[in-house]
Amino acid sequence: MASDNATTISVIDFRRHSMVLQWHALGGTWTAYDEPPPLVHGIALIRASQPNVCLYAQAGRLRLQVGPNQYALSENSPRITCSRGLASFGFRRRFTVESSTGGVLFSYAYWTNQGRDFFRWLAAKAEDPDWRVASGRKWSEGVASAELRTD
């Protein structure tokens with residue numbers, strides 16, 4: 001893994017297409033690279049007022065991190081969903097991460113925007129257990145940021 005230690009991971013920024021970040025896994029924070037590395041290991045959603053969210057791979061497994069909280073993604077657990085709110089005519093969504101026992105690990109309600117939706121993208125990808133396993137292996141090795149952006 002291209003990092004200075006196991007707690008700093010190179011990831012792309014979901015919104016800013018040309019930005020590569022150093023993700024600091026201990027606290028769920030980030031810093032921008034002055035000179036980005038050629039390979040990255042995940043993708044992050046950086047938000048000013050909410051906890052940052054990052055999906056990255058380490059040792060062949062995907063990890064979802066929301067702020068300082070980390071969740072290892074196995075083939076079918078935790079369950080990740082993104083649903084539309086009925087009362088808001090579909091303009092409000094709820095992103096949820098549930099443990100295998102049904103307990104809610106993280107939940108976030110938000111208004112949809114016109115751009116790409118990170119939470120919807122993540123929930124759609126995470127539905128596929130094969131994608132979780134394959135991405136965990138591939139991203140651990142590192143991928144070109146352009147390749148990860150087309151995923």
Side-chain angles (χ1 to χ4, degrees), residues 1-17 19-31 33 36-47 50-86 90 92-113 115-151:
M1 174 173 288
S3 68
D4 53 6
N5 61 49
T7 62
T8 303
I9 300 106
S10 301
V11 300
I12 60 170
D13 184 304
F14 184 78
R15 291 186 180 146
R16 294 173 211 97
H17 295 284
M19 187 174 235
V20 176
L21 312 170
Q22 294 179 54
W23 180 258
H24 306 287
L26 289 178
T29 60
W30 62 277
T31 53
Y33 275 104
L39 300 177
V40 295
H41 304 277
I43 188 165
L45 177 67
I46 306 305
R47 303 176 298 163
Q50 302 293 323
N52 298 316
V53 179
C54 187
L55 179 67
Y56 64 91
Q58 221 173 23
R61 296 195 63 190
L62 285 178
R63 299 190 66 77
L64 174 65
Q65 185 167 358
V66 180
N69 302 319
Q70 296 184 27
Y71 311 104
L73 299 186
S74 62
E75 289 182 39
N76 296 305
S77 181
R79 183 170 176 247
I80 299 172
T81 59
C82 187
S83 57
R84 292 178 184 253
L86 297 176
R92 191 156 171 82
R93 295 181 197 255
R94 176 158 303 276
F95 176 78
T96 308
V97 180
E98 293 180 23
S99 71
S100 57
T101 59
V104 174
L105 302 171
F106 177 74
S107 182
Y108 174 65
Y110 64 100
W111 293 101
T112 59
N113 59 19
R116 288 182 59 205
D117 183 338
F118 176 82
F119 296 112
R120 199 168 102 200
W121 170 84
L122 175 56
K125 290 293 188 180
E127 280 182 11
D128 182 356
D130 294 333
W131 180 85
R132 287 184 183 208
V133 171
S135 294
R137 289 183 189 135
K138 187 176 183 180
W139 293 10
S140 288
E141 297 294 321
V143 294
S145 60
E147 181 181 344
L148 193 55
R149 289 185 198 295
T150 62
D151 193 8

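Heavy atoms only: backbone and side chains are in, while hydrogens, waters and symmetry mates are out.
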Rounded to the nearest 0.5 Å, how far does OG of S74 lie from CZ of R61?
6.0 Å
Expected output: side-chain Q65 to main-chain G67 donor-acceptor under 3.5 Å:
yes
Correct closest heavy-atom pair for G60 and S140 would be N-OG, 2.7 Å
Can you confirm whether L64 sits close enough to V97 that some side-chain heavy atom of one is under 4.5 Å from a side-chain heavy atom of the other?
yes
Give, for atom CD1 of I43 and atom OG of S145, the distance between the pair rounded to the nearest 0.5 Å.
10.0 Å
Between the CZ atom in R15 and the CZ atom in F118, the distance rounded to the nearest 0.5 Å is 9.5 Å
Are any non-hydrogen side-chain atoms of R93 and D117 less than 4.5 angstrom apart?
yes
Around atom CZ of R47, are there more than 12 heavy atoms from other residues, nucleotides or ligands closer than 6.0 Å?
yes
Centroid separation Y110 to F95 less than 6.0 Å
no
Could you go step by step and tell me if V20 and V40 meet the side-chain contact (heavy atoms from CB on, under 4.5 Å) rule?
CA-CA 8 Å; V20 176; V40 295; 3.8 Å; yes
Applying side chain to side chain donor-acceptor pair (under 3.5 Å) between S10 and each of Y56, W23, Y33, report the one that passes.
Y33
I'd like to check S99 versus T101 (side-chain heavy atoms, cut-off strictly below 4.5 Å). Are they in contact?
yes
Cation-aromatic face contact R132/Y71, 6.0 Å, 45 degrees
no
If every non-hydrogen atom of W139 is compared with every non-hydrogen atom of A57, which pair is closest and at what distance?
CB-CB, 3.4 Å
Test side-chain contact (heavy atoms from CB on, under 4.5 Å) on L21 and I46 and set out the steps.
CA-CA 10 Å; L21 312 170; I46 306 305; 3.7 Å; yes
When rounded to the nearest 0.5 angstrom, what is the spacing between CG in L62 and CD in E75?
11.5 Å
Hey, mind stepping through I80 and E98 against side-chain contact (heavy atoms from CB on, under 4.5 Å) and telling me if it holds?
CA-CA 6 Å; I80 299 172; E98 293 180 23; over 6 Å; no
Just by distance, with hydrogens left out, do T31 and H24 show a side-chain donor and acceptor under 3.5 Å apart?
yes
Gap separating the CG atom of L73 from the CG atom of L55, nearest 0.5 angstrom:
6.0 Å
Given 3.5 Å as the limit, does a donor-acceptor pair link the side chain of R94 with the main chain of S83, or not?
no
Return the orientation label for the W121 and W131 ring planes: parallel under 30°, perpendicular over 60°, tilted otherwise.
perpendicular
Without swapping roles, check the side chain of Q70 against the backbone of A25 for a donor-acceptor pair under 3.5 Å.
yes
Look at K138 together with E147 and state whether they make a salt bridge at an N to O cut-off of under 4.0 Å.
yes
Of all heavy-atom pairs linking P78 and A72, the shortest is CD-O, 3.4 Å
Answer yes when R16 and D13 have at least one side-chain N-carboxylate O distance shorter than 4.0 Å, and no when they do not.
yes
Short side-chain to backbone donor-acceptor contact, R120 and A124, under 3.5 Å
no
Within this structure, what is the OG1-CZ distance for the pair T96 and F119, rounded to the nearest 0.5 Å?
10.5 Å
Check: N52 side chain, W30 main-chain N or O, donor-acceptor pair, under 3.5 Å
no
List the steps and the verdict of side-chain contact (heavy atoms from CB on, under 4.5 Å) for Q58 and R63.
CA-CA 7 Å; Q58 221 173 23; R63 299 190 66 77; 4.0 Å; yes
